[in-house]
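In what follows, every heavy atom counts, from backbone to side chain, and hydrogens, waters and symmetry copies are set aside.
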Amino acid sequence: MVSANGNPGHYAAYHMKYPFLVPVFPRFLTNWWQSYTHALDKGAMMLEGDAKRLDLQLIAMIKDAQELLAGMGYKLESKVFMTGFSASGQFVNRFATLHPEMVKAIAVGNFTMYPTAKLNGVTLNYPWGIADIRNYTGKEFNKAEYDKIAQFCYIGDEDQNDQPYNVDYGISEEETRAVNDLFGYDYGVPKWERKWNFVRQLGYDKSIQFNVYKGVGHGYADNIFKDILAFFQANNGDRIVKIKAHTTAFGDE
């Protein structure tokens, strides 16, 4: 179990009795707008030095943990569960798209990067799509492995923080405008429903599940924790399984 944000990951790992890895990546104090490291944005993928290729650093952490645990006698799968929320949800979303061979299932409070090079006539470069990911990873998008990832993506009905950023370091104004025109300038549930329609349009609604929780904004809630646990438990085998998720953040519905 790998989490880019500890709370739901810890909850699921505790109840499933799975090893739990929390990677820690620095965010710069100076020129911080040039890279959003824990969102794995375009700027983050262009960094050098100690912060170079955070995605590969995470893979190294995963493999190191697997080797250590295997040496202690634990039997492990090669793929991992991943969770994240907000910026860290974007990290998980993007990491799973870049390296689907590493990931079994994800549960994220966000959905930003689409597994396509073009959507409704708009070219989607990284971090919104796969048109140019070879420039960053040296490899093409692995659709066969991506199709195997079970994905649970959620938002609160009071969340007003789900939108493409108006400025992303290294992206032209023209591209920024085209992406925002595509996804829309509104916030919250209307945009989330539009995103779901894009998922369906691309034919990924069999492996991806979207859910809206009533009564919560940009944060966690009891039923989100429960559903993430249920989702990972349901997708612990060889099939992709959608769950009957709660409709409210708290209570029994």
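Under the 4.5 Å side-chain heavy-atom criterion for grouping Ile, Leu, Val, Met, Phe, Trp and Tyr, F91 is connected to L56 within one hydrophobic cluster. I59 and Y126 fall within a single hydrophobic cluster, where Ile, Leu, Val, Met, Phe, Trp and Tyr side chains are chained together by heavy-atom contacts under 4.5 Å. In this structure, L69 is not a member of the same hydrophobic cluster as I62, with clusters built from ILVMFWY side-chain heavy atoms closer than 4.5 Å.
A distance of 6.0 Å separates OH of Y136 from CE of M46, quoted to the nearest 0.5 Å. Distance check: W128 CH2 to M113 CE gives 10.5 Å after rounding to the nearest 0.5 Å. Within the model, atoms CD1 of I208 and NZ of K195 stand 12.0 Å from one another, a figure rounded to the nearest 0.5 Å.
Between K143 and D147, at least one side-chain nitrogen of the basic residue sits less than 4.0 Å from a carboxylate oxygen of the acidic one, meeting the salt-bridge criterion. Salt bridge annotation for R194-D186: present, with a cationic side-chain nitrogen under 4.0 angstrom from a carboxylate oxygen. The pair E145-K148 counts as a salt bridge, with a side-chain nitrogen and a carboxylate oxygen less than 4.0 angstrom apart. A salt bridge links E101 with K139: the distance from a Lys NZ or Arg NE/NH1/NH2 to an Asp or Glu carboxylate oxygen falls below 4.0 Å.
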- prompt: For Y18 and F232, what are the C-alpha separation, side-chain angles and deciding distance, and is it a ring pair (Phe, Tyr, Trp, His ring centres under 6.0 Å)?
  reply: CA-CA 11 Å; Y18 276 13; F232 285 145; 8.9 Å; no
- prompt: So I155 and N110, side-chain contact (heavy atoms from CB on, under 4.5 Å) or not? Walk me through it.
  reply: CA-CA 7 Å; I155 189 175; N110 212 314; over 6 Å; no
message: With ring pair (Phe, Tyr, Trp, His ring centres under 6.0 Å) as the criterion, how do Y14 and F20 come out once you've worked through the C-alpha distance, each side chain's angles and the decisive distance to 0.1 Å?
response: CA-CA 8 Å; Y14 174 81; F20 181 47; over 10 Å; no
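When the shell of 6.0 Å around CG of N31 is examined, it contains more than 12 heavy atoms from other residues, nucleotides or ligands. Taking a 6.0 Å sphere around NZ of K214, one finds it holds 12 or fewer heavy atoms contributed by other residues, nucleotides or ligands.
Between F95 and H99, the ring-plane angle classifies as tilted under the 30° and 60° cut-offs. Ring orientation note: the planes of F85 and Y220 are tilted relative to one another, at an angle of 30° to 60°.
Identified under the ring-ring contact (aromatic ring centres under 6.0 Å, His included) test for residues 104-125, with sequence neighbours left out: F111-Y114, F111-F210, Y114-F183.
Of the possible polar contacts, none joining the T83 side chain to the P8 backbone as a donor-acceptor pair under 3.5 Å is found. The backbone N or O of G89 lies less than 3.5 Å from no partner atom in the side chain of N93, so there is not a single donor-acceptor pair.
For the 3.5 Å distance criterion, the side chains of Q90 and R94 qualify, holding a donor opposite an acceptor. Using modelled atom types and a 3.5 Å distance limit, the side chains of N120 and Q201 yield a donor-acceptor pair.
The shortest distance between side-chain heavy atoms of K206 and I240 does not fall below 4.5 Å.
The only option from T247, D227, N223, D157 that meets the side chain to side chain donor-acceptor pair (under 3.5 Å) definition with Y213 turns out to be D227.
With sequence neighbours left out, A96 forms a side-chain contact (heavy atoms from CB on, under 4.5 Å) with V103, I106, I149.
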